[in-house]
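Throughout, a chain's letter reflects where its sequence line sits, starting with A, and its residues are numbered from 1.
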2 protein chains.
Amino acid sequence: MNEKESTKDKIIKTASRLFQIQGYHATGLNQIINESGAPKGSLYYHFPDGKEQLALESLQVTANFVLEQIVEGLQKSSDPVIAIQNLINDMAERFEKEGCKGGVPVASIALETSLISEQLRNACQSAYISFQEAFTQKLISSGLEEKRAIELGIAINSMLEGAFLLSFTMGDSQPLRMVAKQIPVLLE
Amino acid sequence: MNEKESTKDKIIKTASRLFQIQGYHATGLNQIINESGAPKGSLYYHFPDGKEQLALESLQVTANFVLEQIVEGLQKSSDPVIAIQNLINDMAERFEKEGCKGGVPVASIALETSLISEQLRNACQSAYISFQEAFTQKLISSGLEEKRAIELGIAINSMLEGAFLLSFTMGDSQPLRMVAKQIPVLLE
DNA sequence: GTCTATAGGACGATAGAC
DNA sequence: GTCTATCGTCCTATAGAC
């Protein structure tokens, strides 16, 4: 394996965390360098297009991580109601363990950059679509009609993102918990 | 009436719009002054505590506007399913008329400031609670049991906020429309 | 690949005249 | 109530040595 990639990876890992918690504009490149412990001079070597490129690659790491959580969570039960409920509750638990201050995965970058960088907006959109398709796929494979599964995938994704946003703002995972509780009703 | 308040009001009105579209950190005080057409020297006279105070008062204006939309929308039909569905569809229509670029009302400030200003976080939280209580109240007054109405108020609010976030990021009101479509299922 | 130094600009905030 | 000038700080980005 390439040990040489570890500097770039350290930068991306720190950037992902900071962008998610603080947002795009509030996170400076200096802070990323300092907190990552990466060599100060290496940023523009690894990311020649600057902050936007760094944000893009960081976002993709974050999005892949979340998607993996979703896909793996959905595999744990064949019953989609139980699977989705457990997934959201697991996310709520993780969120609580971060002191309800872990930020909102994709949203923090999406809100700040969608109107100023088509590239970043597009990456956020792709991330959201991948989430909703994971839900849709689960519903289809458990026998739901495709059209209905697509509708529900979008709705469940909306609920999840909204509940994350509310839980973060309130510093309380209650919205996530409440949304999980409505899944049986929604999938009736 | 006091014609003298018009300068402060102009500043707040412009700030509300810009904070909502661009976010907190991306919106400079200079831009607010320039676009509002307000006298340049008057900002720190009207808002001695600076940007944070301006954001706070702007947020309250935005939140009151949204709450009014919700309350008035919910009054238009006695059937809560129809009322909520129409409300969300009206919001989707308004969003489309802004070219799907109108920003996400409270979220843009909530995400950027919740961890750096307890005052602003608290104002965002109050705004969200007022929204969810409007839904809950509507459900109670149409005969739903209180405990269930509270749960649903939170869930509907989550769906709405999430759908706004997704619609904004995708530049397409589809998530808002899909969420509206699920209301009958949720309230079954 | 890494480092230092710095350019060049924007920002929030303040002081003091009017 | 308004205005101008300015301070100090932060930012992104670049140039050039090593």
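If you take NZ of K40(B) and C1' of dT14(C), they are 17 Å apart, rounded to a whole angstrom. Between the P atom of dC10(D) and the CD atom of Q22(A) lies a distance of 14 Å, rounded to the nearest Å. As rounded to whole Å, 16 Å separates atom P of dC3(C) from atom OH of Y44(A). Atom CZ of F47(A) is separated from atom P of dG1(C) by 12 Å (rounded to the nearest Å). One atom, CG of N30(B), and another, P of dT4(D), lie 13 Å apart when rounded to the nearest Å. Here the P atom of nucleotide dT12(D) and the CD atom of Q53(A) are 15 Å apart, to the nearest Å. Atom C1' of nucleotide dC11(C) and atom CG of N34(B) are separated by 13 Å, given to the nearest angstrom. The nearest whole Å value for the distance from the OH atom in Y45(B) to the C1' atom in dC18(C) is 15 Å.
Between S42(B) and Y24(A), the residue anchored nearer the 5' end of DNA chain D, judged by the nucleotide with its closest heavy atom, is S42(B). With the nearest nucleotide of DNA chain D identified for both A38(B) and K51(A), A38(B) has the one nearer the 5' end.
Side-chain atoms of T136(A) come within 3.5 Å of backbone atoms of A149(A) as a donor-acceptor pair (strictly under, hydrogens ignored).
In summary, the side chains of T14(B) and E35(B) do not present any donor paired with an acceptor at a separation below 3.5 Å, with no hydrogens or angles considered.
Phosphate contact (OP1/OP2 of dG12(C), side-chain N/O of H25(B), threshold under 4.0 Å): absent.
Between F164(A) and F95(A), the ring-plane angle classifies as perpendicular under the 30° and 60° cut-offs.
Atoms CG and CD, on D172(B) and E96(B) in that order, are 8.0 Å from each other to the nearest 0.5 Å.
Closest approach to the P39(A) side chain among dT2(D), dC3(C), dT12(D) is made by dC3(C) (side chain taken as heavy atoms from C-beta onward).
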